Amino acid sequence: MASAAKLLIDCSTAPINRSSLLNSLFNHHHPSPIPTNRSSYNSIRASALNRRDFIVDTAAAAAISLAPVVGSSVAKADTLSEWERVFLPIDPGVVLLDIAFVPDDPSHGFLLGTRQTLLETKDGGNTWVSRSISSAEDEDFNYRFNAISFKGKEGWIVGKPAILLHTSDSGDSWERIPLSAELPGDMVYIKATGENSAEMVTDEGAIYVTANRGYNWKAAVQETVSATLNRTVSSGISGASYYTGTFNTVNRSPEGNYVAVSSRGNFYLTWEPGQPYWQPHNRAVARRIQNMGWRADGGLWLLVRGGGLYLSKGTGITEEFEEIPVQSRGFGILDVGYRSKDEAWAAGGSGVLLKTTNSGKSWSRDKAADNIAANLYSVKFINDRQGFVLGNDGVLLKYLG
């Protein structure tokens, strides 16, 4: 029973030298080893950026990093052509980070954010109420809930400082699962994969899987990112020597494939189930990468800093992309979400909201969104009838269909 109360990282499939792994991890970028010096580990990790840090920084300095926000706050909900704003019972400074719904009950969902924000809806996202989790309030930490995922009635939440929550009753109650203090990196993503099973990713590229409610985790990647780069730097991965040890963004396909962008945006990496390590790729564009993700047809989309959208040629993993003209008004585009194989939405700075109905070949701007006083950084469709856009200062847009 004592062993069940402590999460154990099982790296039996990937023998690791703790000292050398620590050094290589922070010099470059992959799944980190267990640190041998806790204080040095903390100081190094504190300087690392991850996708969630990027979102927080973007929200806090939106006018500088993306562009001046156009418009002013409104007293009532703004109805867009296909979206409406939902006002939330949160402080203006809260940054929303993820949203998910219970598959067995699509009207029941949860919304996460900074400052230990956890909101719940039971009417499909029209209204939200604040939820508290007693096990997360027993300490003096102000948790940032980074990601949430459901499979059936079973759900998971990960956050920073390191916290893992699990529910088996659709979120009516949440149990805190103990985590090893030596877990490498900050947890930025989790995917519920089956009964008592989940897949978790850290900002340092570590991928772990569990089949017993999170009490034991097994490494799915056998080599650190830094070790991979050390092996492949001679083969021409541009910018590998500047790697700071963390991912800027990481996205998972429905098939379980991952694409991640390096912290500086110099290059990107991919991983498919069964591969022993991440595969680095040169970026095919001049400007640095902002974000990458998966299209509904299995191809990739790529956003560059300063505004620019590219689609991969064909499906699957490739380094060949073509630029697609978009009317972003000079503002950066931050995320793309697919409603169907043909329809997708892109969101960005100062209320930029773009739509395609031909698989991304052309995009039109939803001008009504120009009056939204926020930078929109996350597009997520739960299904073809239910979608949401997250923005800074607590902005939430709901898809009307």
Side-chain angles (χ1 to χ4, degrees), residues 6-38 40-42 44-53 146-147 149 156-164 177-193 197-212 214-231 243-252 256-263 268-280:
K6 179 179 180 182
L7 180 149
L8 302 176
I9 304 298
D10 181 359
C11 295
S12 59
T13 60
I16 292 176
N17 180 297
R18 294 184 178 185
S19 179
S20 62
L21 181 56
L22 176 64
N23 293 332
S24 63
L25 174 71
F26 290 109
N27 287 336
H28 290 293
H29 81 251
H30 236 317
S32 163
I34 296 175
T36 57
N37 184 301
R38 181 63 181 168
S40 63
Y41 170 83
N42 286 335
I44 295 172
R45 190 175 70 174
S47 65
L49 289 176
N50 55 44
R51 183 183 184 219
R52 307 300 175 172
D53 293 325
N146 285 333
S149 178
W156 304 80
I157 292 175
V158 294
K160 177 184 178 181
I163 186 171
L164 175 65
I177 306 296
L179 281 172
S180 169
E182 297 176 330
L183 181 72
D186 294 322
M187 297 175 291
V188 294
Y189 180 82
I190 193 162
K191 175 67 176 180
T193 56
S197 301
E199 190 171 276
M200 178 175 65
V201 184
T202 75
D203 63 347
E204 294 175 0
I207 301 176
Y208 294 106
V209 295
T210 182
N212 62 355
Y215 286 97
N216 297 90
W217 295 86
K218 183 177 181 180
V221 179
Q222 300 179 21
E223 182 180 75
T224 67
V225 172
S226 56
T228 300
L229 292 177
N230 286 337
R231 280 192 307 98
Y243 187 71
T244 60
T246 59
F247 292 157
N248 189 39
T249 65
V250 59
N251 283 299
R252 184 183 190 273
N257 302 325
Y258 284 91
V259 59
V261 177
S262 67
S263 55
Y268 66 98
L269 304 100
T270 59
W271 181 84
E272 298 177 272
Q275 291 183 332
Y277 48 82
W278 288 82
Q279 308 291 321

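Just so you know, these numbers come straight off a predicted model, no measurement behind them. Both backbone and side-chain heavy atoms feed into the values below; hydrogens, waters and symmetry mates do not. Throughout, numbering of the chain's residues begins at 1 and tracks the sequence.
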Asks: Would you indicate whether the side-chain heavy atoms of R252 and V201 approach each other to under 4.5 Å?
Replies: no

Asks: Go through the structure and list residues passing side-chain contact (heavy atoms from CB on, under 4.5 Å) with A260, not counting sequence neighbours.
Replies: F247, V250, W278

Asks: Output all residues satisfying side-chain contact (heavy atoms from CB on, under 4.5 Å) with S197, sequence neighbours left out; order by chain, then residue number.
Replies: T193, A211

Asks: For the CE atom of M187 and the OG1 atom of T202, what is their distance to the nearest 0.5 Å?
Replies: 9.5 Å

Asks: At what distance, to the nearest 0.5 angstrom, does CD1 of I190 lie from CG of N146?
Replies: 11.0 Å

Asks: Excluding sequence neighbours, so at least two apart, what forms side-chain hydrogen bond (donor to acceptor under 3.5 Å, both in side chains) with T270?
Replies: H281

Asks: Can you name the nearest heavy-atom pair linking A220 to W271, along with the distance?
Replies: O-CZ2, 3.8 Å

Asks: If every non-hydrogen atom of A192 is compared with every non-hydrogen atom of S149, which pair is closest and at what distance?
Replies: N-OG, 2.9 Å

Asks: I'd like to know if the side chain of D203 reaches the main chain of V188, judged simply by a donor and an acceptor atom lying under 3.5 Å from each other, with no hydrogens or angles considered.
Replies: no

Asks: Please name the pair of heavy atoms, one in P280 and one in L229, separated by the smallest distance, quoted to 0.1 Å.
Replies: CB-CD2, 4.0 Å

Asks: In the structure I gave you, are the side-chain heavy atoms of Y215 and I177 within less than 4.5 Å of one another anywhere?
Replies: yes

Asks: Say you draw a straight line from CD1 of I157 to CG of L164; how long is it, rounded to the nearest 0.5 Å?
Replies: 9.5 Å

Asks: Could you tell me which non-hydrogen atom of A147 sits nearest to which non-hydrogen atom of Y189, and how far apart they are?
Replies: CB-CA, 3.9 Å

Asks: Supply the atom-to-atom distance Y258 OH to E199 CD, rounded to the nearest 0.5 angstrom.
Replies: 3.5 Å

Asks: Checking the side chain of T210 only, and the main-chain atoms of W217 only, is there a donor and an acceptor separated by less than 3.5 Å?
Replies: no

Asks: Please name the pair of heavy atoms, one in Q279 and one in Q275, separated by the smallest distance, quoted to 0.1 Å.
Replies: CG-OE1, 3.6 Å

